[in-house]
There are 2 protein chains.
Amino acid sequence: MLQQDALRDRIVARFEEMSPQLQQAARYILENTQEVALVSMRELARNAGVQPATMTRLAKFLDLPGYDDIRSHYSDALRLRADGFAARARAREGQGGAVGGGLAQEMLQGLSAQVARLSEPETLAQLEAAADLLAGARRVYVLGLRSCHSVAWHFHYVMTLLGDRTVHLDGPAGTGTDGLLRAGPEDVLLVISISPYALHSLELASLAREKGLSVVAITDSEVSPLVAISDRVILCSTESRTFFHTLTPALAVSEVLCGLLAARDREGSLKALQEADQHLAALNIYANTIPRRRI
Amino acid sequence: MLQQDALRDRIVARFEEMSPQLQQAARYILENTQEVALVSMRELARNAGVQPATMTRLAKFLDLPGYDDIRSHYSDALRLRADGFAARARAREGQGGAVGGGLAQEMLQGLSAQVARLSEPETLAQLEAAADLLAGARRVYVLGLRSCHSVAWHFHYVMTLLGDRTVHLDGPAGTGTDGLLRAGPEDVLLVISISPYALHSLELASLAREKGLSVVAITDSEVSPLVAISDRVILCSTESRTFFHTLTPALAVSEVLCGLLAARDREGSLKALQEADQHLAALNIYANTIPRRRI
DNA sequence: CGCGCATTGCAACAAGTGTTTCATAAAATT
DNA sequence: AATTTTATGAAACACTTGTTGCAATGCGCG
């Protein structure tokens, strides 16, 4: 169970003060926490052998507005547990205030949980397998259109610092996809696409497949059209309480892939990074000393 | 996920035969299995963006008597998983096994924690203030070079769907920064930069400042050179156990900003999104029906 | 062009939900 | 012993749930 379960503590603490019926209800809840989240109050009451009203009364006794607060508490706990082990800050604590005051917090906690959920064993296995495939490739072509451009570009950028094996399938004047010209079976295509799927991404992935490339996909669903085309699929959620999808989990996946690849060849990566450093230093790209500010 | 999940298999298997609405419902269920067990059908339908009836229809389509059978299936799965959780966690401990086996998991949990830490009160306040500033701007110029390009572009892309107030300071042949030509005091610059700070970003931010623009910065430290230049600063950690910095928290910040801005003008955002949808539909950008695969 | 056809949205439905109220029973207090 | 206080069960409440029938819509085919 949860480490710091405030509600459970409160129930235990005030158990002695409760009336017999309340105790019976409380005892059942303590011993069947998951059921609280999964069945209705009336059914829970039936199973606990008490009246429905007793559950409501128990909630009031615990200084809660109603029974729904008990349920939502255990729902959250179950969600958390199912999600994995996200060290999530206490749910909806100080969310008062401004228009979107709650929104920002909710979004961030949601994102945190989504990223945490990526460390499920299946996903980890797919990540490892995908890294294997990418590590063995002669070239890695990276494709991400529209919203997924950010993820594709980020992967490409990091990999550029680590070596010169990646080709980003993008460019001005629609020439981006010419890169696939010389691609072959020794190469791998990393394609990122989420619903709604850009037609062009699917076409290119299919083409790559026909040319014999292996395909690694970062996408959002088991029924994504990329699943049928790809050798390895890494699923990441894109749900958000806004109007648009989130790409934060996808970016996390991309970064993990980079990390895995770098870890496979520590010395090589380090050397490549040093070279990159020298190159960038020669071009004076970065501010090495904090510049005088001249407001 | 569960080892033998007959229902999931059935959904995936018959996904292609489904109507668009059924697919949308099925997709949501596949991606949020726990929610199925934890919320009501109507709420699930709301979150999935379909009619309540669609859920019932999906059940019938899968040869089930009703939606309750879907829910009970996932309830059982959740019960099972909760029971076997302790055992699984123990098993995971001893599996040090593969090369980067631990690395992926460590990275993901670290990222999750970093994102969660963004919901500290100070950051939330800065997010709100930044959103205020951005919402009031005539134009929003977005600047992110090198590694920060992904974040800048993502922000710009989402805002493009929501309206036409943003200008992305990037482009081929070094013309990207010309956008600032006509910028003035009514405009805002959103600049993303992390250590090592690209010189060019600092120069442009200073220039914008001199032209009277307000500046909102997403950066990584209180001693970032951007702090002195900017009106609002949102700090996000970039620490990573790899050779390179992480941008996942920065992207999360960007998405939250987009969310806040959209929430400030729900109707306008919705209308803009609909227009964008029509535009993209007219151009046939997206795969609207899942294409038959033709291996 | 019109015709079926499947698909979708809407509204009504009975059943079940959590809550509240009230009367009764039991206990505690005077 | 009388009276207040508390605890419990039962019923009514407003509301939401999952379901179903029907009308409107869009789409393909002759």
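Each chain gets a letter, A, B and so on, in the order its sequence line appears, and its residues count up from 1.
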Would you say A:Phe244 and B:Cys258 make side-chain contact, with heavy atoms under 4.5 Å? yes
Contact between A:Ile11 and A:Arg8 at the side-chain level, heavy atoms closer than 4.5 Å - yes or no? no
Answer yes or no: are there more than 12 heavy-atom neighbours, outside B:Arg10 itself, under 6.0 Å from its atom CZ? yes
Heavy-atom protein contacts under 4.0 Å, nucleotides 7-19 of chain D, coded B base, S sugar-phosphate only, - none: SBBB------BBB
Between the OH atom in B:Tyr67 and the CG atom in B:Asp69, the distance rounded to the nearest 0.5 Å is 11.0 Å
Could I get the full list of side-chain contact (heavy atoms from CB on, under 4.5 Å) partners for A:His245, not counting sequence neighbours? A:Ile194, A:Thr238
Can A:Thr248 and B:Glu255 be counted as having a side-chain donor-acceptor contact under 3.5 angstrom? yes
Does either side chain, that of A:Thr219 or that of A:Ser224, offer a donor lying less than 3.5 Å from an acceptor on the other one? yes
Hey, where on DNA chain C does chain B first and last touch, going 5' to 3'? Cut-off is any atom under 4.0 Å from a heavy atom. C:dT7 to C:dC10
